[in-house]
Protein chains: 2
Amino acid sequence: MNISDAATQTGLPAKTIRYYEDIGLVTPTRNTNGYRVFGETELHKLTFLARARALGFSIEDCRTLLALYEDQSRASSDVKRIARTHLDEIEAKIADLIAMRDTLSHLVQACAGDDRPDCPILKGIEATSVRKD
Amino acid sequence: MNISDAATQTGLPAKTIRYYEDIGLVTPTRNTNGYRVFGETELHKLTFLARARALGFSIEDCRTLLALYEDQSRASSDVKRIARTHLDEIEAKIADLIAMRDTLSHLVQACAGDDRPDCPILKGIEATSVRKD
DNA sequence: TCTTGACCTTCCAGTCACTGGAACCCCTAT
DNA sequence: ATAGGGGTTCCAGTGACTGGAAGGTCAAGA
């Protein structure tokens with residue numbers, strides 16, 4: 001299987017797959033013409049990576065998770081710790097974004113949005129700070 | 001006022017302020033020894049920038065907002081359009097993160113997190129995709 | 001057989017918004 | 001004189017790709 005088929009199968013851009021090889025996440029073989037060949041194992045790894053990335057895990061987390069995924073004698077607590085930490089980060093980001101949204105949506109609502117210069121948004125940016133509860 | 005005072009006043013790191021000068025967002029004067037001097041106007045601009053950045057606006061949005069902020073004949077609709085677009089992006093990001101969080105928190109809950117290798121998280125990453133409603 | 005077009009390869013540069021660090025200058029107090 | 005705590009510039013690195021150039025490979029059609 002060539003790279004573009006692997007890309008189609010996994011939903012990852014070919015460029016990204018090459019990059020993943022570069023940084024040692026996958027190791028496709030090569031055939032005589034130098035093209036990458038993706039077997040079932042590599043395809044599995046790529047799928048795993050695509051899903052883990054979609055869950056927002058960093059590349060380094062993915063590297064660790066992939067190693068655990070392949071290690072039949074892993075402890076599930078190792079995986080859980082990584083996932084929990086990441087979950088906490090996601091929660092924190094959500095909280096940040098909600099604070100931004102709340103502040104900003106108030107400002108947007110207050111703004112007439114016409115051709116006059118009076119603008120509560122600019123005033124608001126000048127004066128308001130983002131509240132984090 | 002020297003850069004470290006400006007940093008304290010605005011809450012921005014000195015490095016960041018230098019960077020903002022580099023990319024033309026602020027233009028402090030210099031005194032004879034080459035040190036940057038921040039007057040009231042520049043300090044205002046920095047404060048505005050810090051707040052706009054805290055609201056998640058990109059640097060380029062900040063540049064535009066700053067120009068509008070300084071332009072007494074602006075139309076508030078120009079500001080509102082930028083803010084609305086940004087607000088939509090924030091909403092989208094929140095939705096993405098919530099989808100991640102929901103998927104991941106289910107997986108974390110399902111995982112015993114002990115020293116056995118059986119791990120619903122890894123299985124879940126293998127099998128699940130993140131649902132976006 | 002030649003050509004066309006769709007593949008594939010490598011490598012380099014750019015993205016965004018900083019951040020760290022080196023090497024050096026300036027000012028004040030001891 | 002020296003020590004320290006400012007300040008300056010410039011260069012490189014971050015994360016996770018992404019775009020693009022320059023060129024090799026392959027299968028199908030004229």
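Remember, it's a predicted structure, so these values are computed and weren't measured experimentally.
- For C/dA17, neither phosphate oxygen OP1 nor OP2 lies less than 4.0 angstrom from any side-chain nitrogen or oxygen of B/Tyr20.
- Atom CZ of A/Arg18 and atom P of D/dG20 are 14 Å apart (whole Å).
- No side-chain heavy atom of B/Tyr69 sits under 4.5 Å from any side-chain heavy atom of A/Ile125.
- Dashed line: the shortest gap from a side-chain N or O of A/Ser4 to OP1 or OP2 of C/dA6 is not under 4.0 Å.
- The shortest distance between the side-chain N/O atoms of A/Arg30 and the OP1/OP2 oxygens of D/dT25 is not below 4.0 Å.
- Toward the 5′ end of DNA chain C lies the nearest nucleotide of A/Ala14, the other residue of the pair A/Ala14 and B/Tyr19 mapping further downstream.
- Counting heavy atoms from C-beta outward, A/Glu89 and A/Thr85 have side chains that approach closer than 4.5 Å.
- The separation between A/Asp22 atom CG and C/dT10 atom P is 8 Å, rounded to whole Å.
- The A/Arg53 side chain lies nearest to D/dA16 when the options are C/dT9, D/dA16, D/dG6.
- Proximity of A/Thr16 to the phosphate of D/dT18: a side-chain N or O atom is located under 4.0 Å from OP1 or OP2.
- Within the structure, every side-chain polar atom (N or O) of A/Arg36 is placed at least 4.0 Å from both OP1 and OP2 of D/dT25.
- The CD1 atom of A/Ile59 sits 14 Å away from the C1' atom of D/dT18 (whole-angstrom rounding).
- B/Glu60 has its CD atom 7 Å from the P atom of C/dA17, to the nearest Å.
- Distance CG (A/Leu12) to P (D/dA16): 14 Å, rounded to an integer number of Å.
- Taking atom CG of B/Asp5 as the reference point, atom C1' of D/dG7 lies 12 Å away to the nearest angstrom.
- Comparing B/Lys15 and B/Asn2 against DNA chain D, the residue whose closest nucleotide sits nearer the 5' end is B/Asn2.
- Distances from the side chain of A/Ile3 to the nucleotides C/dC18, D/dT8, C/dT9 place C/dT9 closest.
- Side-chain nitrogen and oxygen atoms of A/Asn33 include none within less than 4.0 Å of the OP1 or OP2 phosphate oxygen of D/dG24.
- Across B/Val26, B/Leu43, B/Leu66, B/Thr10, a single residue satisfies side chain to side chain contact (heavy atoms under 4.5 Å, CB included) together with B/Phe48, and that is B/Leu66.
- As a whole-Å value, the separation of B/Leu49 CG from C/dA17 C1' is 13 Å.
- Within the 4.5 Å cutoff, no side-chain heavy atoms of A/Lys45 are placed close to those of A/Leu25.
- For B/Pro13, taking side-chain heavy atoms from C-beta onward, the closest of the listed nucleotides C/dT19, C/dC8, D/dT25 is C/dT19.
- Note on B/Glu91 versus A/Arg101: salt bridge recorded, some NZ/NE/NH1/NH2 to OD/OE distance being below 4.0 Å.
- Between the P atom of D/dA27 and the OH atom of A/Tyr35 lies a distance of 9 Å, rounded to the nearest Å.
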